[in-house]
Each structure stands twice: as C-alpha cells, then as structure tokens.
Protein chains: 4
Amino acid sequence: MSAPSPARRTGRPRSPEADRAILDATRAALVELGWGKLTMGDVAARAGVAKTTLYRRWANKNELVVDAVAALFDEHLDLPDLGSLQADVEGVVLRFAALLERPETKTALMAVVAESTRDDALRERIRDAIVDRQKRLVLLGRERAQARGELPREEDPSAAARTADLIFDVIAGAVVHRTLVSAEPVDREWARGFTTLLVGGLTSTQPSGD
Amino acid sequence: MSAPSPARRTGRPRSPEADRAILDATRAALVELGWGKLTMGDVAARAGVAKTTLYRRWANKNELVVDAVAALFDEHLDLPDLGSLQADVEGVVLRFAALLERPETKTALMAVVAESTRDDALRERIRDAIVDRQKRLVLLGRERAQARGELPREEDPSAAARTADLIFDVIAGAVVHRTLVSAEPVDREWARGFTTLLVGGLTSTQPSGD
Amino acid sequence: MSAPSPARRTGRPRSPEADRAILDATRAALVELGWGKLTMGDVAARAGVAKTTLYRRWANKNELVVDAVAALFDEHLDLPDLGSLQADVEGVVLRFAALLERPETKTALMAVVAESTRDDALRERIRDAIVDRQKRLVLLGRERAQARGELPREEDPSAAARTADLIFDVIAGAVVHRTLVSAEPVDREWARGFTTLLVGGLTSTQPSGD
Amino acid sequence: MSAPSPARRTGRPRSPEADRAILDATRAALVELGWGKLTMGDVAARAGVAKTTLYRRWANKNELVVDAVAALFDEHLDLPDLGSLQADVEGVVLRFAALLERPETKTALMAVVAESTRDDALRERIRDAIVDRQKRLVLLGRERAQARGELPREEDPSAAARTADLIFDVIAGAVVHRTLVSAEPVDREWARGFTTLLVGGLTSTQPSGD
DNA sequence: GGGTAACCGAGACGGTACGTCCGGTCTTCAA
DNA sequence: TTGAAGACCGGACGTACCGTCTCGGTTACCC
C-alpha cells in the first residue's frame with residue numbers, strides 16, 4: 001500500500017511486531033489445524049496478542065487468512081530466463097507446484113477460493129494478492145518466447161489478453177488439480193509431460209486466432 | 001456375490017425417504033446459503049427430519065455434502081459421440097463447466113476439496129464419488145479417438161494411464177480454474193480455444209512418449 | 001390390583017420376570033445415578049429388556065420410579081408393641097429413619113415428591129403407595145396409647161383425624177428434615193430427644209383442643 | 001477487613017445487571033414452568049442474555065436455582081418480637097409456610113434438596129444459602145424466650161446446639177411435610193395446634209437434658 | 001513534560017451452530 | 001399379542017467460536 005495512511009497522526013502507533021506475529025501465527029495455525037479448525041482466538045493466543053488487536057487490523061477471518069497466504073506468494077515470483085519456452089514453462093510449473101505443496105498453502109488456497117465464490121470482495125482481494133502475481137509470470141514468459149522467435153507476436157491486444165488468460169488457466173489449473181484434487185506429486189517427469197503437451201499446442205496452432 | 005445384506009436384520013430399518021429428503025434439502029440449502037452458511041440443523045428442518053437422523057447417516061457436514069453433490073455427477077455423465085476428437089473434447093468441457101456453474105456445486109466442490117487436504121478418508125470419498133466418474137469420460141473419449149485413428153494406440157499400459165491422468169488434470173483443472181478462480185464463464189468460444197490448444201498438443205507430440 | 005385384567009386373553013402373555021427385572025434395575029439405577037441421571041434406556045439395558053417393554057407397563061419415568069420406590073415401603077410396616085407410647089414412637093422414628101437412610105429411598109423420595117408438586121395424579125399415587133401406609137402406624141400407636149390410658153380418647157372424630165395428621169406431619173417431617181436436609185443421622189440419642197419432646201407435648205396439652 | 005476484592009482486575013467486569021436479570025428470570029420461569037420444565041435456554045431468553053452468560057456464573061441448573069430461591073429467603077427473615085414464645089413460634093411457622101407456598105419455592109426447594117443427596121457441594125450451598133438463615137430465627141426465638149424466662153438457660157453449649165438443631169428440624173420438617181407432602185395448607189389453626197404441641201413439649205421437659 | 005488519542009491485554013457479552021443425549025413413539029421381525 | 005432391536009421426532013444440553021464491547025493501563029506524538 002503506497003498511500004500513507006490518510007488520517008492517522010496522533011495517538012500510539014500500531015505495533016509492527018504484532019502484525020508480523022499475527023501473520024506468522026496464522027500460517028502456523030493453518031499448517032497445524034487447517035482452515036476449518038483455525039480460530040481467531042487461537043491465532044491471537046499463538047501471537048501473544050489480544051483478539052481486539054486482530055480485529056483492529058482485519059475485518060474477519062477470511063481477510064486475515066488471505067493476507068497471511070498472500071505473503072507466501074510474494075516470494076518465489078522471479079522467473080530466471082532458462083533459454084527456451086519449454087524450459088521456462090517447466091520452471092514456472094515446478095515453482096508453482098512447490099508453492100502449492102507447502103502445507104500452509106495447500107489447505108488455505110482452496111478454502112479461500114471456496115469462500116470467494118460467495119464473496120466478491122474476497123475474490124477481488126485474492127485476484128490482487130495472488131492470482132495476478134502468478135499471471136505476470138505467464139506474460140513474462142510469452143514476452144521472452146516472442147523475443148526468441150518461438151512464438152509469433154499477436155497484433156490484436158484483446159486476443160493477446162485472451163490467449164494469456166487461457167494459458168494461465170491451463171497451467172495454474174492443471175497444477176492445482178494435479179496437486180490438490182488428484183493429490184499426486186508434480187515431479188520433473190510430470191512437468192516435462194505437461195509442458196510438452198502445452199508447448200506442442202501453442203506452437204502447432206494459434207489457439208485464439210482465425 | 002450372494003447375500004448383499006451384510007449385517008442388518010433386527011430393528012426398524014432406516015427410512016429411504018429420509019435419505020432422499022436429506023440429500024435434496026442439502027442441495028437446496030447449498031444453493032440458497034452456500035457451503036459456509038449451511039448448517040446441519042437447517043438441513044434437517046428443510047428435510048422435515050430430526051438432526052439425529054442426519055448424524056445417524058453422516059458423521060459430519062463434509063461427508064453429507066460430498067454425497068449430496070456426488071449425486072449430481074451421476075447424471076450428466078453420458079458423452080454422446082460427436083464425430084471427432086475436437087468435438088468430443090469441446091463437449092466434455094462444456095458439460096463439465098455447466099455442472100460447475102450450478103450454484104450447488106460451485107461452493108461445495110471447492111470447500112470439500114479444501115477440507116480433503118487434511119482428511120484422507122474424505123479425499124478417498126471424493127475420488128470415488130466424483131473424480132473417477134469424470135475421468136471415465138476422458139478414457140472414453142480417447143478410446144473413440146483411437147478408433148477413429150485420430151490418436152495412436154499406446155502400447156505400454158502404464159504410460160497410457162499416465163497420459164490419461166495428465167489429460168484429465170489439464171481439462172478438469174483448466175475448467176475449474178477458469179470457472180472458480182478466474183471467475184469467467186466457460187462459453188463456446190473459450191471451449192473452442194482451449195480444445196484447439198489441447199488437441200494441437202496431443203496430435204503434434206506424444207506427451208509421455210520417448 | 002385384584003381385578004383380573006378385563007379384556008386380555010389372546011396373544012402372548014406378559015413376562016412376570018420382566019416386571020421384576022425392571023423394578024430391580026430401576027432401584028439399582030436409582031442408587032448409582034440418582035433420579036436426575038436415571039434414564040429409561042439405561043434401566044431397560046440393565047433389565048435386559050427393550051424400552052418398549054417398559055413403556056407397555058408404565059406410562060413414563062415418574063410412574064415407574066414411584067412404583068419402584070413404593071415397593072420399598074411395603075416392607076417394614078409392622079410396629080411391634082413396645083409397651084409404652086414413648087417406646088412405640090421411638091420405634092417408629094427409628095424404623096422410618098432406617099428406611100430413609102437407604103440410598104435408593106434417599107434420592108428417590110424427595111425427587112418424586114418434588115415432581116408431585118406439579119402433578120396431582122402423581123401426588124395421589126404417592127399418597128396411596130407411601131404416605132398413607134406410614135400414617136397407619138401413627139394411628140396404630142395412638143390406639144395403643146389410648147388403650148394403655150397414656151392418651152385420652154378423642155370423641156370428635158374430625159378433631160381426632162386432625163390431631164393424627166398433625167402428629168404424622170411432625171414425626172415424618174422431623175425425620176425427613178433431619179435425614180435429608182440437615183443430613184445428620186437419626187441415631188438412638190436423637191430419636192429419644194425427639195420422642196421426649198413430642199410425647200411431652202402430647203401429654204401436657206390437648207393440641208387441637210380448646 | 002481491608003481489601004475485599006480478592007482477585008479480579010483485568011478484563012471487562014461482569015455485568016451486575018445480568019446477574020439480577022438472570023435471577024429474576026429464573027424465579028419467573030420457576031413460577032410458570034416449575035423445576036422440571038425450566039430450561040437454561042429459556043431463562044437466558046427471558047433475561048435477555050446469552051446462555052454463555054449463565055454458564056459463566058453457574059455451573060448448572062441446580063446452582064442457579066438454589067441461588068435464585070435463596071434470594072427469597074433473604075427477605076422475610078426478620079422475626080418481630082411478638083411477646084411470647086407461643087406467638088413467636090406461630091409467627092415463624094406462618095412466615096416459613098408463606099414462603100413455601102409461593103409457587104417458585106414449592107417445586108424448586110424439594111427438587112434441589114433431592115439433587116443434593118448426590119452432590120455434597122450442592123448440599124453445602126443449600127445449607128449456607130437457605131437452611132442456616134432459617135435456623136437463625138430459631139436461635140433468636142430461644143434467646144428471647146430465655147430472656148423472658150419462658151425457657152431455662154442451657155449451660156452446656158453443645159447440648160444447647162443439639163436442642164436448637166432438634167427444634168429446627170421439627171419446625172421446618174413439620175411445615176415442609178404439611179405443605180409439600182400432605183399438600184394441606186398451613187393456616188392459622190394448624191399453626192396454633194402445632195405450636196401448642198411444640199411449646200408444650202419444650203416447657204414440660206428438657207428434651208436433651210438429664 | 002503534560003495532554004491526549006490511539007493503542008494494547010484481558011475477558012465478558014449476544015448470538016449461532018455444534019454434536020450428543022434422552023423421552024417417548026413407531027416399525028420391523030421373531031417367538 | 002408380546003418382546004428385542006433400533007430408527008424416528010422433538011427438544012434441551014453444555015461447548016465452542018465469532019465478532020463486539022468495555023475495562024484498566026500503556027505508549028508515542030504534539031504542543
């Protein structure tokens with residue numbers, strides 16, 4: 001948040017230690033208990049903080065958990081250039097899978113998404129905090145592939161956006177489904193198979209074209 | 001094989017009407033309230049049944065909802081032969097999306113999956129009741145495509161299984177992600193774009209081959 | 001009940017063993033659990049009998065418990081002539097106290113009486129089964145004392161009845177209060193003190209007289 | 001003597017209004033429903049209070065009802081000097097009877113006493129809150145009678161205590177038995193007859209003496 | 001360096017749902 | 001028709017959380 005908190009000047013400032021302790025405690029509770037059993041009282045106790053202090057910062061459980069999980073997605077977002085489209089995609093698949101296999105994300109992500117089907121504000125928050133950050137990697141990967149000549153440049157910007165969305169849904173969806181629904185590991189072999197399929201599709205045709 | 005009634009003889013038998021009424025009430029409550037607000041007491045009241053009667057059959061909310069949702073997957077499982085691999089895949093994509101866009105599945109499915117990350121018995125139940133039924137469509141579609149000569153026959157059965165799993169994760173994952181995370185509709189255009197990408201990948205390469 | 005059940009001839013006759021087993025089980029449960037925790041299901045299980053069998057014989061918990069307790073009051077009703085009013089009263093006091101100190105009566109009696117404050121039929125049943133049987137002892141004792149010349153004969157029968165009621169309330173009330181409320185034992189010393197007080201009052205004045 | 005607030009400092013203090021509202025509601029519910037039908041949820045609703053608030057103060061129905069009834073015994077505890085032993089005893093008898101005939105005490109007292117036969121803590125609470133307060137009247141009455149010269153002074157303090165206990169059991173027991181078991185009213189006539197009997201006994205002999 | 005406004009901990013509060021238990025009834029099969 | 005078994009409805013139980021509130025007490029900033 002770049003905007004400096006608009007109207008707060010006087011009075012005792014909020015403790016930044018409390019912020020950190022609460023988010024840490026939330027993640028720890030998530031790992032131990034899962035979304036369903038996590039309680040605000042327990043998080044407060046773990047953080048050595050009063051419940052009031054939680055509610056002064058987050059309006060409810062959902063918002064707290066989304067923020068706690070979102071922080072995990074801040075890290076691991078760089079995508080080094082691996083030299084080819086195939087290698088870049090494999091890289092992002094493995095990176096995303098590694099994130100999803102961490103116990104705190106595993107439970108939290110689906111639970112938060114489930115909750116968001118009934119709560120537009122929550123969905124917006126998830127999109128900002130989690131989804132769009134992942135999508136940037138796709139855009140970056142395509143940029144590189146086009147620079148290398150592996151993929152043609154798309155003139156129509158709306159078609160380009162549609163294609164990027166599609167690719168993102170395919171990558172993220174496949175990894176999530178493999179990890180959380182099929183409950184099978186995303187290992188190097190699976191990543192190669194999936195990437196080969198995807199890159200084959202991308203290069204053989206122009207999905208949104210024509 | 002012989003006597004399918006393993007253990008119950010004495011006492012009043014459970015009412016099959018109650019079973020039906022409870023599952024119907026669960027689906028209705030899911031539509032109106034969503035997973036989060038659904039309560040056992042409310043379901044019982046809708047079904048005209050005592051709470052005891054629910055708990056005699058299902059140990060908790062999760063199991064009840066899985067069974068209630070699973071019944072929806074029993075219908076809509078046929079896949080008419082549409083004449084080509086492309087058409088068959090488009091068909092299954094649209095059919096699956098239609099299911100996911102129904103309000104009772106939308107919330108319930110993700111919530112139950114989220115819960116299953118902490119509960120192996122629940123995951124097993126989901127797999128049996130929901131996932132494997134969908135996967136059968138993929139196997140059927142491949143069978144037809146091979147019969148038509150659109151796809152080569154895979155000799156190694158374990159490689160064949162791996163490929164089927166991959167395709168299933170890609171299709172189901174992409175549709176779920178598009179519907180629930182991106183929260184965009186799976187319309188005919190998106191289905192065509194996705195299918196083109198997938199079929200392109202399948203025919204241009206042998207994903208698990210080599 | 002002397003009247004032979006009017007209209008029952010055909011079908012399987014009721015098991016008299018069940019009757020006994022149920023009443024025994026009720027008393028046992030009363031001792032272990034007290035009135036409040038006693039449950040019909042538990043009694044049935046102890047008696048090795050189905051709940052149906054209980055309800056075929058008694059309309060509800062109260063009736064069952066009253067009958068079970070009443071049976072205890074059937075015994076111990078004889079009052080041997082001890083030669084003097086003082087000795088006779090002491091005898092009845094000790095006998096009644098012995099009954100009240102048995103664990104099954106201790107809890108049950110007060111509980112049933114408490115229940116009866118809201119239920120006239122129950123009060124009637126208690127009067128018939130328990131109270132009036134005790135009162136007979138008082139009448140018998142007075143009869144003897146009058147025969148011995150220790151007490152004058154009362155001409156007015158309604159005044160005589162009033163006096164007998166008073167004496168009964170005093171004796172029974174004092175013993176019950178000592179035993180259950182003060183929770184102190186009714187030993188020989190207390191019985192002698194109480195009897196001296198009562199007999200002193202009876203002989204020094206004509207309580208209901210004028 | 002100095003600081004009577006032993007242990008509570010931090011946190012929001014308990015609402016004294018809630019205390020009062022709950023006890024009032026309990027008495028009202030007792031009048032309308034009786035002990036057996038009184039429920040914690042109903043009391044909470046009448047008091048405009050959450051069930052939690054009840055359970056934070058009283059562990060169960062018994063304790064709550066004892067306290068609610070005990071408050072009634074706080075009022076009506078004065079015993080004006082009526083000039084003679086006979087008049088004082090008649091006074092206390094009628095006063096006690098008036099209390100017992102109120103619908104909220106009628107059911108509650110016996111039920112709680114019944115429960116106390118299984119629960120020592122409850123008996124202690126009843127003794128402190130109810131029994132001992134009544135007993136003070138007996139001691140006061142004797143004091144006056146001795147001052148007037150109607151009764152001799154007892155030298156041995158333990159014998160004095162025993163006599164007081166006896167008189168108390170006789171008075172309270174007789175009134176309770178008349179009211180709740182015999183279910184007959186304690187009117188002026190009965191009170192006079194009973195008092196005559198008791199005072200006759202007290203003055204004609206020294207019950208515990210010799 | 002004294003106000004003061006916002007902070008913090010503790011914990012009570014109203015509410016809602018939980019999952020269990022029991023009372024009393026009903027239904028099935030067997031004796 | 002009785003009996004055992006056990007499902008059924010209704011309703012209270014006591015507990016657990018949620019999110020709010022009210023205490024006494026603690027900082028940082030600003031004048």
Side-chain angles (χ1 to χ4, degrees), chain A residues 7-15 17-18 36-45 47-61, chain B residues 8-15 17-18 37-45 47-61, chain C residues 8-15 17-18 36-45 47-62, chain D residues 8-15 17-18 37-45 47-61:
Chain A
R8 205 185 308 134
R9 251 164 336 190
T10 102
R12 175 175 173 177
R14 292 200 180 152
S15 153
E17 295 178 32
K37 307 280 180 191
L38 177 148
T39 72
M40 295 300 262
D42 181 63
V43 169
V49 140
K51 266 201 301 173
T52 325
T53 305
L54 266 73
Y55 282 105
R56 213 172 276 126
R57 289 159 164 79
W58 291 275
N60 53 51
K61 203 165 120 170
Chain B
R8 205 178 309 133
R9 250 160 334 170
T10 92
R12 177 175 173 175
R14 294 202 179 154
S15 155
E17 296 178 32
K37 307 279 182 192
L38 179 148
T39 71
M40 298 297 262
D42 180 64
V43 169
V49 141
K51 264 199 301 174
T52 325
T53 304
L54 264 76
Y55 283 107
R56 208 172 283 121
R57 290 162 163 76
W58 292 276
N60 53 53
K61 211 164 108 169
Chain C
R8 204 184 309 133
R9 249 165 339 195
T10 99
R12 173 174 171 178
R14 290 202 179 154
S15 153
E17 296 177 31
K37 306 280 181 190
L38 178 148
T39 71
M40 296 299 262
D42 180 63
V43 169
V49 141
K51 267 201 298 174
T52 326
T53 306
L54 267 73
Y55 282 105
R56 235 188 291 274
R57 289 161 164 79
W58 291 275
N60 53 50
K61 199 166 126 171
N62 286 337
Chain D
R8 204 178 308 133
R9 251 159 333 165
T10 90
R12 176 175 173 176
R14 293 201 179 156
S15 156
E17 295 178 32
K37 307 280 181 191
L38 179 148
T39 71
M40 298 297 262
D42 180 64
V43 169
V49 141
K51 263 199 301 174
T52 325
T53 304
L54 264 78
Y55 283 107
R56 206 172 284 121
R57 289 161 163 77
W58 291 277
N60 53 53
K61 211 164 110 169

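Here is how names work: the chains are called A, B, and so on, in the same order as the sequence lines, proteins then strands, and each is numbered from 1. As the structure is a prediction and not an experimental result, all values here were calculated from the model.
Shown here for B:A50 and B:A44, the closest heavy-atom pair between the two residues is C-CB, 4.1 Å. The heavy-atom pair separating C:N60 from C:M40 by the smallest distance is C-CE, 4.1 Å.
Separating the CZ atom of D:R14 from the P atom of E:dC13 is a distance of 7 Å, rounded to the nearest angstrom. Separating the CG atom of B:L54 from the P atom of F:dG10 is a distance of 13 Å, rounded to the nearest angstrom. Taking atom CH2 of residue D:W58 and atom C1' of nucleotide F:dC13, one finds them 18 Å apart after rounding to whole Å.
Using a 4.0 Å cut-off, no side-chain N or O of A:T53 falls inside it from OP1 or OP2 of E:dC7. Of the side-chain N and O atoms in A:R57, one or more sit less than 4.0 angstrom from OP1 or OP2 of E:dC8.
Remark: B:R56 engages no residue in a salt bridge (Lys or Arg N to Asp or Glu O under 4.0 Å) (not counting sequence neighbours). With sequence neighbours excluded, the residues forming a side chain to side chain contact (heavy atoms under 4.5 Å, CB included) with C:A18 are C:S15, C:V49, C:T53, C:R57, listed by chain and number. Taking the side chain to side chain contact (heavy atoms under 4.5 Å, CB included) definition, one finds that C:T39 meets it with C:D42, sequence neighbours left out.
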Item to complete: Sugar-phosphate means primed atoms, P, OP1 and OP2; the rest is base. With that split, encode nucleotides 18-25 of chain F 5' to 3' as B, S or - using protein heavy atoms under 4.0 Å.
Response: SBBBBS-B

